[in-house]
Each structure stands twice: as structure tokens, then as C-alpha cells.
Amino acid sequence: MVSRYSIVQYVPNPIADERINIGVLAFDNDRVCVRFLSHWERVKRFGMEDIHFLKDFASRMEDAAADGLLFPGDSPNETPKQERLIRVAQNWFNSIQLTEPRGSLDDVDSLLADIADTCLLEPPEKPKPRDRAFAVQMTRSKIKNVLGDAAKDLVKSNYPLSGYRTKHKFDVVVANGQPYFAAQGISFKVQVKETLQDSISWKISDVKKCYPDFPLAVVTLPPNPKYPAHNKLERNYQKVTSMYSKLGADILTEDNMGPWVKDHLKPIDTTTMEPI
């Protein structure tokens, strides 16, 4: 079955006929699919006007496609889809225009993906900063991966651990009525506040004073050697992790965290979370 596609374009000044692609439409006799830009900043700069009407049109196009229609106001009849679209392409002269449909032997989904990748220019995704929030997320994810299906019942985020003087909350605690081990995430790829460093030290020392053998891990993201301030961050990393280690915590990274979790699960039946 032949598929066809059309490009949805924004033409802020039809007289100047300058245009920018904002969406793509792919269809065959049975299906209609559309995709629009995810980021509209470039379009706004191009048109130098409020573009809410474009986003509204995109939303209405998506609703129309869900109903098997080519565009808002499309009315199914005996006229083939491509001919209805050709009429629109030839007669819409406002700031939203569609190109005349072209054919393809690809299925609708493949065609839509291919044309979108070619014609819809999106800014490159900014990499997420590997900060403390990332370290915490990574720590939780690694532990859940090891635990598998049991993770939903065993991984705790705000589980209080008793220390000698007070209770403390670690980023991740594996527990089932009683705690089995805990982990705290920290990133040295960015400047670490002294208050955070001291807070983690206090947690470790107070819990270890009460329970010297309780497994505690500090999961670290070491400094990036390519970062301009690497030497300074590296010195602080060595200093702080050495202090945590002396207080009784195991210092881990992404690479050795999985084995650490598995080692501390060995004495435990993860189906019942009872000592073996």
C-alpha cells in the first residue's frame, strides 16, 4: 500500500514566502499520523510573533489525525485523501500551509519517523547534569535493578535509621520491617557544598556508633578529568571520601555498586527478606 506525506509549514509573511517546517503528516488509506516540533523557540524567533495559534493548530491536527482526518475541518467523502490534501496545499495561503503530498513505499509509521527526522529540526538535547540528584537517581536505579521485582516492596526513600543520638534518613534504604543496608548518593562532578559533606559525615558516624556492622555505602560520581576545575574537585573528592571511609562507610561508584548490593543480599532470602 502506498503511503504519502506532507510537510506542515509556518509562513509568517506569505508575501515574502519565507517558511519554516513545524510538522509532518503521513497517511495511507487506513491511517493518518502527524508529528510536530517539541521545541518551538526557533519558530518563535523566526516569526517574531506570538505562536500560540501554531500550537493550537498542532493540537487540532493531532485530534483530527486520531479520527482519521487529514486536517481540522477535513470531511471524509468519495474524494481520495491525497486529492483532498492537494486542494488544501494549493488553496491555503495563510500563515499555515501544507505541501502537496508525495508518495512512498514505506509504511506510515516508518515514513513519519523518517520525514520527521529529516524535516523537523530540533535543538540537541542538553545532557542532564550529573549532580547530586543524578547520583541519587542512579543509586536507587542500580539497587532496584539488582532486586528486580522485589524492589517495589523493599526499596525505601524516607526510611529512618536510628543513630546514637538521633534518627537519619538516607537516600535509599533496603528494608522489610528492619533495615538491611543503606546508601547515600553524592556527585563530585560539581562543587559540593560543605554543609552536604558534613551532613553525610554526621549520618555515617552517628549510625555507625550505634550499629558498627550495619552496611552503609556512599555512592559517588567522581570528578570529570576534562572539567577545568578537575584538580580542585579531585582533591576534595579524595579528602571527603577518605573521611567517609574512616567513619565506616563503603565508597562506591557506578561500576562497583551492583556487586556491593549483591554481596550484601547473599545472607538474605530476597523472597522473604529473612536471614538465610
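Of the possible polar contacts, one joining the T220 side chain to the L252 backbone as a donor-acceptor pair under 3.5 Å is found. Looking only at distances, no side-chain donor or acceptor of S187 sits under 3.5 Å from a matching main-chain atom of A135. Looking at Q178, its side chain never comes within 3.5 Å of a backbone N or O of A175 through a donor-acceptor pair. Judged purely by atom type and a 3.5 angstrom limit, E234 has no side-chain atom pairing as donor or acceptor with the backbone of P223. For the pair K189 (side chain) and P222 (backbone), a donor-acceptor distance under 3.5 Å is present. A donor-acceptor pair under 3.5 Å is formed between the side chain of T99 and the backbone N or O of I7. Checking side-chain atoms of S205 against main-chain N and O of S201 turns up a donor-acceptor pair under 3.5 Å. E18 places no side-chain N or O within 3.5 Å of a backbone atom of N13 that could act as its donor or acceptor partner. In this structure a side-chain-to-backbone donor-acceptor pair under 3.5 Å is present from Y244 to Q197.
Side chains of T253 and D255: a donor-acceptor N/O pair is absent below 3.5 angstrom, by distance only.
Taking hydrophobic clusters as Ile, Leu, Val, Met, Phe, Trp and Tyr residues chained together by side-chain heavy-atom distances below 4.5 Å, W202 does not share a cluster with L216. In the hydrophobic clustering of this structure, F46 groups with W40; members are Ile, Leu, Val, Met, Phe, Trp, Tyr whose side-chain heavy atoms approach within less than 4.5 Å, directly or through other members. L161 and Y164 are members of different hydrophobic clusters when ILVMFWY side chains are connected at heavy-atom separations under 4.5 Å. Under the 4.5 Å side-chain heavy-atom criterion for ILVMFWY residues, no single connected hydrophobic cluster contains both I186 and V261. Tracing side-chain contacts under 4.5 Å through hydrophobic residues (I, L, V, M, F, W, Y), one never reaches V88 starting from V11; they form parts of separate clusters.
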Evaluate the criterion side-chain contact (heavy atoms from CB on, under 4.5 Å) for residue pair L85 and L25; output intermediate values, then yes/no.
CA-CA 10 Å; L85 192 57; L25 164 72; 3.8 Å; yes
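Using a 4.0 Å cut-off between charged nitrogen and carboxylate oxygen, D109 and R31 count as a salt-bridge pair. The pair R132-D171 meets the salt-bridge criterion, since a charged nitrogen lies less than 4.0 angstrom from a carboxylate oxygen.
Under a cut-off of 6.0 angstrom, the local environment of CD in E83 is crowded, with over 12 non-hydrogen atoms contributed by other residues, nucleotides or ligands. Atom CZ of R165 sits in a sparse spot, with 12 or fewer heavy atoms from other residues, nucleotides or ligands closer than 6.0 Å. Enclosure of atom NZ in K144 is not indicated, since only 12 or fewer non-hydrogen atoms of other residues, nucleotides or ligands lie within 6.0 angstrom. Enclosure of atom CG in D149 is not indicated, since only 12 or fewer non-hydrogen atoms of other residues, nucleotides or ligands lie within 6.0 angstrom. Atom OH of Y227 has 12 or fewer neighbouring heavy atoms from other residues, nucleotides or ligands inside a 6.0 Å radius.
T79 is listed as a side-chain neighbour of R87, based on a closest heavy-atom distance under 4.5 Å.
Expressed to the nearest 0.5 Å, how far CD of E254 lies from NZ of K142 amounts to 6.0 Å. Taken from NZ in K203 to CG in L247, the straight-line distance is 14.0 Å, to the nearest 0.5 Å. With values rounded to the nearest 0.5 angstrom, L221 atom CG is found 9.5 Å from F188 atom CZ.
Aromatic ring orientation, F170 versus H168: perpendicular (interplanar angle above 60°, classes split at 30° and 60°).
L121 belongs to no hydrophobic cluster with other residues, because no ILVMFWY side-chain heavy atom falls under 4.5 Å from its own, directly or through intermediates.
At least one test fails for K81 against the ring of F27: distance under 6.0 Å to the centre or angle within 45° of the axis.
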